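Atoms considered below: every heavy atom in the structure, side chains included; atoms not considered: hydrogens, waters and symmetry mates. Only a predicted model underlies this, so the values are computations on that prediction, with no experimental measurement involved. In this chain, numbering begins with 1 at the start of the sequence shown.
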Amino acid sequence: MTSSKQISAWIASNKKEIIKLGKKIKKFEGDLKKAVAKEKAAPKKKAAPKKKAAAKKPVKKAKK
């Protein structure tokens, strides 16, 4: 059986880990918001116009 001091020490150490994870989560949420805003702000690329096929020159017939 564990003592009350052991349990309180375990809780205290876990609280510290939870605080660290909470800070990381907030940082990642901020990064996500920035990335989403950047994607929305990026200009949309227009489709390039199709190139017209060059007119083919008629093949000259050989003289007989």
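Pairs of residues two or more places apart, or lying in two chains, never qualify as side chain to side chain donor-acceptor pair (under 3.5 Å) while including a residue from residues 2-12.
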Could you tabulate the donor-acceptor pairs under 3.5 Å formed by side-chain atoms of residues 17-34, not counting sequence neighbours?
{"from": "Lys27", "atom 1": "NZ", "to": "Asp31", "atom 2": "OD2", "distance (Å)": "3.4"}

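With sequence neighbours excluded, no residue forms a salt bridge (charged side-chain N to carboxylate O under 4.0 Å, His left out) with Lys15.
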